Structure formats: structure tokens, C-alpha cells
Amino acid sequence: RDQPRSRGLGDVYKRQISRSEELTKVPTRWADGAAELGLKKTGDGTTLSHLFQSDPCRILFPRPARGGPFEGVFITTSGGLVGGDRLLFKVMAAADTQACVTSQAAEKIYRSAGQTTEIAISLIIDAGATLEWMPQETILFDGARIRRYNRIDAAPGSKLLAGEIIVFGRTAFGEKVTTGLLHDSWRIYRGGTLVWADALHMDSALNATLENPFTFDGAVACATLVFCADDAAVFLEGARALLDLSLIHISEPTRPRLI
């Protein structure tokens, strides 16, 4: 059920409004839609503690497999986003909870008449909690304009696996992205300390960046995968080995299209 929205929601995430990417301004509200999910540990496992959703955002809860983690599926019922849309997605995992959160379908960002779509993602993971944030890909149409801000607040003793995929046009339909705006920012705090920051910024002639051999080299998609845990370094070599193994099964003409 929809619930009254709590005050101070804008304090959850500070918007980046300058190209220096400084967090300088806190919005009082997100105009178009929001979905918030809070989880707690009970005798029955991980259960829902908080739910807020406003159009066009919804959250569904599939029945998890026996012994599996709590599952949540975020949905944007509008069928895609246009310039000026603003959304907030928030997941709060309390101590010792386990959850896998994803999206129902690829998020489409359509051509803009000038305004910019803004998406803020806030993930808060308490000590002992394990959260997987694995939404499906975001597809950019030619002329799309989007700023997406990913903020993660992870307590020591928590575990997070988070991923995002960006696709530049639907290649099967012969689509190409030539112009637009993409700003994808990541900030990860652990115990209140900033431990990782990253941003991808592409403006105007996107095709030049996509075709440049020193940047995308013709790639039509890119992905970010983050694992955050006290013992994350232990898994680094194994992750690299899996990446190398996956490339062995990709033909040479295709490999330059992956980044």
C-alpha cells in the first residue's frame, strides 16, 4: 500500500548540480516518483519494514525460492522516462537482513526536447546485512538526456553487490546514439567515509566518444559491477579470472565492442 511520505526524504540524497560533481544542494522533494523499500530481520527471516511508492514507481515482491533471500522488483509503470522526469529509488537493509533487488524490465530513456531526466539511487546497508542491487539495463535513445546518481552507505560488516548496465541504442533495430547527455555518478561510503567515487560524463556528440578508439572503441554498451565487503580484496583475483574466461568465448570481431 502507498504510505504517507516521511519528512526529510530529500536529505537522503544530495543532488550533484555542478560539473565538478560536488554534492552541493539538497532537493526538498522528487517531483515525479519514488519507491522506498525498508527491510528488517525477524524470526521468519527478512521481512518488509517500510514501503513507500508513488507513480510511476511500484515495487513487487515475488515469492522467493526456499532458503533464498528476500526479493523485490522495482517497476516504472510509465513505460520509459522523458526529459524532466525525476525519480528516487531507495533501499534500506537493516542489520542481518538478506535481499536481492532488481527491476522488472530495461529502463528506457527517450529523446529529450531539452530537459534532463534525473534518477537518484540510495542504498543503505547496516552491519551484517547482505544486499544485491542488480537492475536490468538502461537503454538510451538518440537525444536522451539523463543524470543518474548512485549513493551507497554501507556499514562495516555489511556486504553489497551492485551493478548497472547502460546500452546506447537498440542495435537490433539499427538504432545509433549520436547526441545527448549521460552523467552516471557513483559514491560509496563505508562507515561514513568515502571509499570510492566514479563518474561517467558524456555530452553532446556522444557518437564521437563511442567511436573513439581510446574511449569506447565502438562499444554499444558498458557496465559497472561493485562488490563492497570487509573481505572484498579476497575475491579480486577470482573476479578477474572469470572476466578473462568470459572473453575467451567471445569472437575477436566482437570483443572490441565490449568495455
Side-chain angles (χ1 to χ4, degrees), residues 16 18-22 80-83 102-103 105-112 114-121 132-152 160-188 194-228 232-233 235-259:
Q16 295 170 300
S18 66
R19 293 208 172 179
S20 64
E21 298 174 350
E22 293 294 327
L81 302 177
V82 297
T102 184
S103 59
E107 189 68 86
K108 301 179 181 66
I109 313 298
Y110 294 113
R111 184 181 185 90
S112 170
Q115 291 183 302
T116 301
T117 300
E118 296 186 0
I119 302 175
I121 299 169
E132 296 180 5
W133 170 259
M134 303 297 289
Q136 297 197 46
E137 67 271 21
T138 298
I139 302 176
L140 303 186
F141 284 66
D142 191 27
R145 297 180 59 84
I146 178 174
R147 290 182 178 271
R148 182 169 61 190
Y149 311 115
N150 302 273
R151 173 163 177 147
I152 298 166
L160 169 76
L161 180 64
E164 291 281 2
I165 303 172
I166 299 173
V167 178
F168 298 91
R170 298 176 299 180
T171 305
F173 288 87
E175 298 173 353
K176 290 186 177 181
V177 174
T178 61
T179 186
L181 168 69
L182 168 63
H183 182 89
D184 193 33
S185 170
W186 288 78
R187 297 289 186 273
I188 299 181
L194 179 65
V195 295
W196 190 66
D198 186 57
L200 171 63
H201 185 87
M202 302 169 63
D203 198 353
S204 301
L206 270 62
N207 57 325
T209 303
L210 293 173
E211 296 168 4
N212 192 313
F214 297 102
T215 53
F216 278 69
D217 194 23
V220 294
C222 63
T224 299
L225 182 65
V226 176
F227 179 60
C228 183
F235 300 93
L236 181 58
E237 292 304 321
R240 288 173 173 167
L242 288 173
L243 181 60
D244 291 340
L245 180 63
S246 67
L247 292 178
I248 292 175
H249 300 288
I250 302 175
S251 62
E252 285 296 330
T254 305
R255 289 179 64 173
R257 302 178 66 82
L258 301 173
I259 63 170

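The basis for the numbers below is simple: all heavy atoms, side chains too, and nothing from hydrogens, waters or symmetry mates. We number each residue from 1, following the sequence as shown. Just so it is clear, the model here is predicted, and its values are computed rather than measured.
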Verify side chain to side chain contact (heavy atoms under 4.5 Å, CB included) between L81 and I146, making sure each step is shown before the conclusion.
CA-CA 9 Å; L81 302 177; I146 178 174; 5.9 Å; no

Would you say the side-chain atoms of [X] pair up with the backbone N or O of [Y], donor to acceptor, closer than 3.5 Å?
{"X": "T178", "Y": "N207", "answer": "no"}
{"X": "D184", "Y": "A199", "answer": "no"}
{"X": "Q136", "Y": "S103", "answer": "yes"}
{"X": "T117", "Y": "V82", "answer": "yes"}

Starting at [atom1] of [X], measure out to [atom2] of [Y] and round the result to the nearest 0.5 Å.
{"X": "D244", "Y": "L242", "atom1": "CG", "atom2": "CG", "answer": "9.0 Å"}
{"X": "I152", "Y": "I188", "atom1": "CD1", "atom2": "CD1", "answer": "4.0 Å"}
{"X": "R170", "Y": "L140", "atom1": "CZ", "atom2": "CG", "answer": "12.0 Å"}
{"X": "L182", "Y": "I166", "atom1": "CG", "atom2": "CD1", "answer": "4.5 Å"}
{"X": "L181", "Y": "I109", "atom1": "CG", "atom2": "CD1", "answer": "11.5 Å"}
{"X": "R145", "Y": "R111", "atom1": "CZ", "atom2": "CZ", "answer": "11.5 Å"}

At their closest point, which heavy atom of [X] faces which heavy atom of [Y], and how far apart are they?
{"X": "C222", "Y": "L200", "value": "SG-CD2, 4.2 Å"}
{"X": "V177", "Y": "L210", "value": "O-CD1, 3.9 Å"}
{"X": "I165", "Y": "A223", "value": "CG1-CB, 4.0 Å"}
{"X": "I139", "Y": "A106", "value": "CD1-CB, 3.9 Å"}
{"X": "K176", "Y": "D142", "value": "O-CB, 3.6 Å"}
{"X": "M134", "Y": "G163", "value": "SD-N, 3.7 Å"}

Take T138 and R148 through the side chain to side chain contact (heavy atoms under 4.5 Å, CB included) test and state the conclusion after the steps.
CA-CA 11 Å; T138 298; R148 182 169 61 190; 3.0 Å; yes

Stepwise side chain to side chain contact (heavy atoms under 4.5 Å, CB included) check, R187 with Y149
CA-CA 8 Å; R187 297 289 186 273; Y149 311 115; over 6 Å; no

Pair I121-E164, side chain to side chain contact (heavy atoms under 4.5 Å, CB included): steps then yes or no
CA-CA 11 Å; I121 299 169; E164 291 281 2; 3.5 Å; yes

ring-ring contact (aromatic ring centres under 6.0 Å, His included), paired with F227, selected from W196, W133, F235
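Of the listed residues W196, W133, F235, the ring-ring contact (aromatic ring centres under 6.0 Å, His included) partner of F227 is F235.
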
Specify whether Y110 and F141 have parallel, tilted or perpendicular ring planes, treating 30° as the upper limit for parallel and 60° as the lower limit for perpendicular.
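Rings of Y110 and F141: tilted, as their planes differ by 30° to 60°.
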
